[in-house]
Amino acid sequence: MSDVIKLLPDSVANQIAAGEVIQRPASVIKELVENAVDAKATNIQIILKDAGRTLIQVIDNGVGMSDTDARLAFERHSTSKIRQADDLFSLHTMGFRGEALASIAAISHIELRTCARGAQLGTKLLINASQCESQEPDVCPVGCNFMIKDLFFNVPARRKFLKSNQVELSNIIKEFEKLALVNYGIDFTVSHNGNMLYKLNAGTLKQRIIALFGHNIDQQLIPLNVDTSLVKISGFIGKPESARKRNTMQYFFVNGRFMRHPYFHKAVLSCYDELIPDESQPKYFLVLDVDPETIDVNIHPTKTEIKFENELPIWQIISAAVKETLGRFSVVPSIDFDKEDAPDIPSFTIPHPSKVPDIAVDKSYNPFKQQSGSHSGSGAYSLPPSRNDSLPNWEELYKNFEKSKQEGLDALDDITALPASTALERPVVDVDDEIQGVMQLGNRYILTIAQEGVIILDQHRAHLAVLYERLMQQIDGMNVVSQRVLFPEIVHLTVAQNAVFEEIEPELEKAGFGLAKLSGGDWSINSVPPGLDNVDIIELLNEVINSVSGVSVKDKIFERIALTIASRGAIPYNRQLNEQEMKTLINDWHKLKNTKYTPTGKSIAGILTLDQVAKMF
């Protein structure tokens, strides 16, 4: 039998390994910027073309490399950060695995110009799919200038699954925001296709947060500082009123490195219990400084998952620090009773003792004294029969009661869990005639009479399906319906949000939005689809942006936009409807193509049949 196990060529092994480190253009930005930070750069420039597909250029003024180091840097597991395994427990750099440059070189064309500090001449290096094509002396400034061209040119499958330029640019910006936040002492500039996206000057953490996310965030943050023997925590947390459902700014940094830590996130979230709605998330920008020997960052190539030796004590410190900060800045709301529906209580004053009238009291009355008759007087009452009174055939009465009770419970089970056969294939309400007998149950369901029994309609889901189908019909060439707003609203978007918003703006126009781009990341909302009178339009658009992130197919984008708009515009639960509103909703629901389920697959209606009613009796 011939041997079947072979060693993979270096080019193939490098491409496979590159899949773990370089997943998309944003991964290249992360690795190159972290290398520049390790090189003690104070100014970093990022130049992009076609969201990194065509060109990713990162220029820094760090220490640079010699010609030998420049060539060796692209070999796998070559690094200047560590020398032995023990160095992993005293890391002070972002990179250390020696995989990033080798992975990038395996899937792109690279041109590197670099000059070491103190050297008279630099070097120019050209690499094509891990193969060094040329290296020659070059006159260039101190630092490194990486040009990554045609990313994934030799991995067509990976390039095929990249999203649209707007989506990939949004991912790059999100990755850049993490890097810029933790490295607030470095100047950054980012440009895309000749347009300047960011120009950030070195400053404090708060100045960097404002520069990235706008001046509005300044009033939403509370400073947090705590210093213990285990961890030093600094940064900012958001006021409860600034919490949002999606796209919340939540960042943990440890020793200058961004990390994801669900356990610590839960510590922060628990401090906002009963301060924010259940579905909302608070903002936070927390920087942790710990002894490098107490953490392990060598878990995943992206180095965003970190293990802590003192995880539980740090959890407790984070929780205590956030609670103390919220209390110290008096952001915990005081008790405020809702007086809107409270009954009117007349005010009164306590009279002077000399003006208190005399009240006649019957001192002989004893409410605990056993009496055989009825007490006469203004407060007359009759004593209930004694528990010792005998009842004839009480055992038989009890058996009949238990039997009736069980039959009632069985009937209740049939109602609460309607079988599939009772789901409506098609409503049996005759919409040509006036709908009779409608009522609302618990401000959640609408009941109406049909031939087979009682139709039970979920008001929110039915209206959601109606709005969704109307919006989806507009993509088929129907006239766009919209209503002009009296006072246009202005929505401010971050650079990442704006990149996605520009892509979906034509789809929003189809849905009935009238939008006008202003300066910076501001957009004017001039008209909206009908049925959104009681909806926060700015919050709605933020949800739309988040729901379509990562989607590049046009029809899928419109589906997500339509579903988000319908979900926010649908009649909410606990809203009382009048008779005409209920009849209108029933008529609209009857005209749907799918009257059984919402676009997300949830049941809209069921029917309580005559047989099920009969079982109750």
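Hydrogens, waters and symmetry mates are skipped; everything else that's a heavy atom, side chains included, is used. The chain is numbered in sequence order, starting from 1.
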Quiz item: Does NZ in Lys178 sit with more than 12 non-hydrogen atoms of other residues, nucleotides or ligands closer than 6.0 Å?
Solution: yes
Exercise. Can you measure from CD1 (Ile318) to CD1 (Ile314) and round to the nearest 0.5 angstrom?
Key: 7.0 Å
Quiz item: Does Ser280 use its side chain to pair, donor to acceptor, with the backbone of Ile276 at less than 3.5 Å?
Solution: no
Quiz item: Under 3.5 Å, is there a donor-acceptor pair between the side chain of His192 and the main chain of Ala51?
Solution: yes
Self-check item: Residue list, side-chain contact (heavy atoms from CB on, under 4.5 Å) with Ala462, at least two apart or on another chain
Solution: Leu457, Leu585, Trp589, Ile604
Quiz item: Any side-chain heavy atom of Leu286 sitting closer than 4.5 Å to one from Phe236?
Solution: no
Quiz item: Does a side-chain N-to-carboxylate-O contact under 4.0 Å join Glu168 and Arg53?
Solution: no
Exercise. State, without any angle test, whether Gln440 and Gln459 hold a side-chain donor-acceptor pair at a distance under 3.5 Å.
Key: yes
Quiz prompt | Closest non-hydrogen atom pair, Ile22 against Ser103 | solution = CG1-CB, 3.9 Å
Quiz item: Roughly how far apart are Met582 CE and Leu447 CG, rounded to 0.5 Å?
Solution: 9.5 Å
Exercise. Run the ring-centre check on Phe285 versus Tyr251 and record whether the distance is less than 6.0 Å.
Key: yes
Exercise. Kindly say whether Tyr597 contributes a backbone atom to a donor-acceptor pair with the side chain of Arg461 at under 3.5 angstrom?
Key: no
Quiz item: Within a strict 4.5 Å, meaning less than it, do heavy atoms of the Val495 and Leu212 side chains meet?
Solution: no
Quiz item: What heavy-atom pair brings Thr595 and His590 nearest, and what distance separates the two atoms?
Solution: CG2-O, 4.1 Å
Quiz item: Are Val322 and Tyr272 close enough that some pair of their side-chain heavy atoms sits under 4.5 Å apart?
Solution: yes
Self-check item: Exam field: side chain Ser270 to backbone Ala267, donor-acceptor pair closer than 3.5 Å
Solution: yes
Quiz item: In terms of side-chain geometry, is the basic nitrogen of Asp588 or Arg470 positioned less than 4.0 Å from the acidic oxygen of its partner?
Solution: yes
Exercise. Report yes or no: does Ser319 contribute a side-chain atom to a donor-acceptor pair with the main-chain N or O of Trp315 at less than 3.5 Å?
Key: no
Practice problem: Quick one: pull up CD1 in Ile237 and SG in Cys271 and give me the separation to the nearest 0.5 Å. | Solution: 7.5 Å
Quiz item: Out of curiosity, Leu464 CG to Thr598 OG1, how far, rounded to the nearest 0.5 Å?
Solution: 6.5 Å
Exercise. For residues Ala106 and Asn154, report the shortest heavy-atom separation together with the two atoms involved.
Key: O-ND2, 2.9 Å
Quiz item: Which heavy-atom pair separates Gly52 from Leu151 by the least distance, and what is that distance?
Solution: O-CB, 4.1 Å
Self-check item: Tyr445: ring-ring contact (aromatic ring centres under 6.0 Å, His included) partners, not counting sequence neighbours
Solution: none
Practice problem: Assess whether side chain to side chain contact (heavy atoms under 4.5 Å, CB included) is satisfied between Val33 and Ile46, documenting all intermediate values. | Solution: CA-CA 9 Å; Val33 171; Ile46 302 173; 3.8 Å; yes
Quiz item: Is it true that a side-chain atom of His463 and a backbone atom of Ile571 form a donor plus acceptor pair closer than 3.5 Å?
Solution: yes
Quiz item: Just how far is it from atom CD of Glu311 to atom CD of Gln316, taken to the nearest 0.5 Å?
Solution: 11.5 Å
Self-check item: Any donor-acceptor pair under 3.5 Å from Ser170 side chain to Gln166 backbone
Solution: no
Quiz item: Do Glu489 and Ile537 come close enough that some side-chain heavy atom pair is under 4.5 Å?
Solution: yes
Exercise. Give the C-alpha distance, both sets of side-chain angles, the deciding distance and a yes or no for side chain to side chain contact (heavy atoms under 4.5 Å, CB included) between Arg24 and Arg158.
Key: CA-CA 9 Å; Arg24 58 192 341 136; Arg158 181 63 62 88; over 6 Å; no
Quiz item: With distance as the sole test, does Ser527 use its side chain to make a donor-acceptor pair with the main-chain N or O of Gly514 at under 3.5 Å?
Solution: yes
Quiz item: Which heavy atom of Pro25 sits nearest a heavy atom of Leu162, and at what distance?
Solution: CD-CD2, 3.9 Å
Exercise. Could you tell me whether Arg575 and Glu581 make a salt bridge, using a distance below 4.0 angstrom between a side-chain N and a carboxylate O?
Key: yes
Self-check item: Test item: side-chain donor near acceptor, Asn498 and Glu502, under 3.5 Å
Solution: yes
Exercise. Apply ring-ring contact (aromatic ring centres under 6.0 Å, His included) to His261 and list each qualifying residue two or more places apart in sequence or on a separate chain.
Key: Phe264, Phe308
Practice problem: Find out whether Leu48 and Ile29 are in side-chain contact, i.e. whether some heavy atom of one side chain is under 4.5 Å from a heavy atom of the other. | Solution: yes
Quiz item: Would you say the side chain of Phe501 lies within less than 4.5 Å of the side chain of Leu508, judging by non-hydrogen atoms?
Solution: yes
Quiz item: Going through the distances and angles, do His492 and Trp523 end up as a side chain to side chain contact (heavy atoms under 4.5 Å, CB included)?
Solution: CA-CA 7 Å; His492 178 76; Trp523 290 76; over 6 Å; no
Quiz item: Quick one: does Leu221's side chain get under 4.5 Å of Asp218's, heavy atoms only?
Solution: no
Practice problem: List the atom of Lys30, the atom of Leu179, and the distance in Å for their closest heavy-atom pair. | Solution: CA-CD1, 3.9 Å
Quiz item: Just by distance, with hydrogens left out, do Arg484 and Asn526 show a side-chain donor and acceptor under 3.5 Å apart?
Solution: no
Exercise. Mind checking the OG1-CG spacing from Thr54 to Asn193? Nearest 0.5 Å is all I need.
Key: 8.0 Å
Exercise. Could you verify whether a donor N or O on one side chain and an acceptor N or O on the other, from Gln250 and Lys283, lie under 3.5 Å apart?
Key: no
Quiz prompt | Phe253/Met259 under side chain to side chain contact (heavy atoms under 4.5 Å, CB included): CA gap, chis, key distance, verdict | solution = CA-CA 6 Å; Phe253 303 100; Met259 72 168 179; over 6 Å; no
Practice problem: Answer yes or no: is there a side-chain heavy-atom contact under 4.5 Å between Asn165 and Leu169? | Solution: no
